[in-house]
Visitor: 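Take this structure, written in structure tokens, and hold onto it; I'll ask about it next.
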Protein chains: 2
Amino acid sequence: MTEKFFNLDEEKQARIINAAMKEFSDHGYAQASTNEMVKQAGISKGLLFHYFKNKQGLYLFLYDYAMQKMLAEMEASMDWAERDLFMMYRRIVEVKFRLCRVYPDMFNFLKVANTADTNEATPELQRRNEQLISKWYERMYRNVDYSLFKEGVDVQRVIHVLRWTMEGFSYTQLEHMKKLSLEELDLDAMMVEIDQYLELLKQAFYRS
Amino acid sequence: MTEKFFNLDEEKQARIINAAMKEFSDHGYAQASTNEMVKQAGISKGLLFHYFKNKQGLYLFLYDYAMQKMLAEMEASMDWAERDLFMMYRRIVEVKFRLCRVYPDMFNFLKVANTADTNEATPELQRRNEQLISKWYERMYRNVDYSLFKEGVDVQRVIHVLRWTMEGFSYTQLEHMKKLSLEELDLDAMMVEIDQYLELLKQAFYRS
DNA sequence: CTGTAGTTGACCACTTTGGTCAACAGCTTG
DNA sequence: CAAGCTGTTGACCAAAGTGGTCAACTACAG
């Protein structure tokens, strides 16, 4: 079913994928409107159902597609020998931003797909990928050198602060980007800014 | 119109308010369903429109009500002479949690109401309250003693880290609460946890 | 018994839903 | 030119859902 879809003009593929992911992540599975998707993608109603037999089929396809793209990008960008926790997170944010340039709503889509009550459509898919993700986390943390931290700091809590900072920063950035000038986000400038935060936190929590 | 509503059984008032706020904050103004609200509140369709002439009337009422409740709670709980930025934020989180016990979705409601594209229903209300909020922020930061920070740390960035940490923490807490045991959130235990994070950050960024 | 206040849910006209399908355009073959 | 093939359209469908109304019900007071 999907081979035909992949023979399409790539730009059209992207338009369809992005429109559908946006609609699903904005409204959840049930409330997402296929009418709205085709309108935003600039295609006809019939075409969508020509390539995907169902709303559910489309959803499942998107879920798999997003998951695969993300894991591939991770595989390509991560350095699994990295010992510095902060640099590890730096890489993750980089992956995120790079993906957002092509698929602006992929992360939101995956987030709501993995958490929300939408999961009637993805019972076992869910669990399979949950396992996959936890394996990646394990792999990420395996080599981290915790002896770099100052004595007495609670590393678990620092990790939380770090994650919330990264998430908070990227959320505001993407929000800002979507509002004003879409697509032309300056990845380099963002990474410079991210580095400032990482430096701040490093100096706060690493031994000097 | 609203006097009649306030004569209702208080528990019923709360049921209606919470159901409506949840629906609005979950789906936005246009997509929110009055049918779903009355179902969740356990009242009949007619009753809702007996107390509020309109969907829009209901929305406006909720917006004003939430705003007023929040400001009142702030007025009661904040200490405007506080000079410690971290303690200031501690108070804010406390207000937030206390309100969430009675109105679990009030913050989400206000957040989407103030940001989202929903604002067709609230053009001037919006601006009035934006001004109000910025006044409160100004009042908050007026007395803060920035000399407490270590030399060389970028205070603006620290403030961001602090805010993202508070938001991240309360988000996970409320998520966790909603999933497992609703309503019986242990405010004291949460504040103990918050204090741990605040202590961590204080030791990181304040002069010793 | 009457009046009043609170409450119901069947009902309305209207929109939107996911999904179908006959028809069409553009292209390569013979 | 015709025949076939692929990609594409949008009018159309039954079904569900929309915001909102209203005659009728209950329950209690005078």
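Keep in mind that the numbers below use all heavy atoms, side chains included, and drop hydrogens, waters and symmetry copies. All figures in this text were calculated on a predicted structure; none of them were measured in a lab. We name chains A, B, ... by the order of the sequence lines, and we start the count at 1 in each one.
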Visitor: Classify the nucleic acid contact of B:Asn54 as base, sugar-phosphate or nothing, counting any heavy atom under 4.0 Å across all strands shown.
Guide: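 If one applies the 4.0 Å heavy-atom cut-off, B:Asn54 turns out to touch the sugar-phosphate alone, with no base involved.
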Visitor: Parallel, tilted or perpendicular: which fits the ring planes of B:Phe24 and B:Tyr59, with parallel below 30° and perpendicular above 60°?
Guide: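 It falls in the perpendicular class, over 60°.
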Visitor: What is the distance, rounded to the nearest whole Å, between atom CZ of B:Phe24 and atom P of D:dT18?
Guide: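 Distance check: B:Phe24 CZ to D:dT18 P gives 13 Å.
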Visitor: Does A:Leu201 reach the side chain of B:Val161, with side-chain heavy atoms less than 4.5 Å apart?
Guide: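 Yes; the side chains approach each other to less than 4.5 Å.
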Visitor: Classify the ring geometry of A:Phe169 against A:Phe97: parallel below 30°, tilted from 30° to 60°, perpendicular beyond 60°.
Guide: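 Ring orientation, 0 to 90° scale: perpendicular.
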Visitor: Heavy-atom contacts under 4.0 Å between residues 37-48 of chain A and DNA chain C, which residues?
Guide: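 Result for residues 37-48 of chain A: A:Lys45, A:Gly46, sorted by number.
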Visitor: Return the polar atom pairs (N/O with N/O) between nucleotides 28-30 of chain D and the protein under 3.5 Å, or none.
Guide:
none

Visitor: Just the rounded figure in Å: distance from C1' of D:dT18 to CZ of B:Phe49.
Guide: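 My rounded result for the distance is 10 Å.
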Visitor: Do the ring planes of A:Tyr197 and B:Trp164 sit parallel (below 30°), tilted (30 to 60°) or perpendicular (above 60°)?
Guide: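 Correct class here is tilted.
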Visitor: Quick one: is D:dG17 close enough that its OP1 or OP2 comes under 4.0 Å of any side-chain N or O from B:Asn35?
Guide: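 No, outside the criterion.
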Visitor: Could you check whether B:Asp154 pairs with B:Arg157 (Lys NZ or Arg NE/NH1/NH2 to Asp/Glu carboxylate O, under 4.0 Å)?
Guide: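 Here B:Asp154 pairs with B:Arg157 in a salt bridge, since their nearest N and O are under 4.0 Å apart.
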Visitor: Send over the distance from A:Phe5 CZ to D:dT8 P, rounded to a whole Å.
Guide: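 About 11 Å, once rounded to whole Å.
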Visitor: Using only side-chain N and O atoms of B:Lys12, determine if any of them is under 4.0 Å from OP1 or OP2 of C:dT7.
Guide: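 Yes.
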Visitor: Expressed in angstrom and rounded to an integer, what is the separation of A:Asp9 atom CG from D:dT8 atom P?
Guide: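 Going from CG in A:Asp9 over to P in D:dT8 covers 9 Å.
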Visitor: Contact between B:Ile92 and B:Met87 at the side-chain level, heavy atoms closer than 4.5 Å - yes or no?
Guide: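 Result no, sub-4.5 Å side-chain heavy-atom pair not found.
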Visitor: With a cut-off of under 6.0 Å to the ring centre and 45° to the axis, is A:Arg142 in cation-pi contact with A:Trp80?
Guide: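 No, A:Arg142 does not lie over the aromatic ring of A:Trp80.
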Visitor: Just the rounded figure in Å: distance from P of D:dG17 to CD of B:Glu36.
Guide: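 B:Glu36 atom CD is separated from D:dG17 atom P by 10 Å.
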Visitor: Taking the six-membered ring for Trp, is the centroid-to-centroid distance between B:Phe61 and B:Tyr51 below 6.0 Å?
Guide: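 B:Phe61 vs B:Tyr51: aromatic centres not under 6.0 Å.
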Visitor: Can you find a heavy atom in the side chain of A:Glu36 that is under 4.5 Å from one in the side chain of A:His27?
Guide: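 Counting from C-beta outward, A:Glu36 and A:His27 never come under 4.5 Å.
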Visitor: Taking OP1 and OP2 of C:dG6, is either one under 4.0 Å from a side-chain nitrogen or oxygen of B:Tyr51?
Guide: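 So the side chain of B:Tyr51 is outside the cut-off, no N or O lying under 4.0 Å from OP1 or OP2 of C:dG6.
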Visitor: Distance check needed: C:dG6 P versus B:Gln13 CD, whole Å only.
Guide: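 Those two atoms, CD and P, are 12 Å apart.
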Visitor: Give the rounded distance in Å between these two atoms: NZ of B:Lys4 and C1' of C:dG6.
Guide: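 It is 10 Å, rounded to the nearest whole Å.
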Visitor: Could you tell me how far apart B:His50 (NE2) and C:dG9 (P) are, to the nearest whole angstrom?
Guide: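 Rounded to whole Å, this separation is 16 Å.
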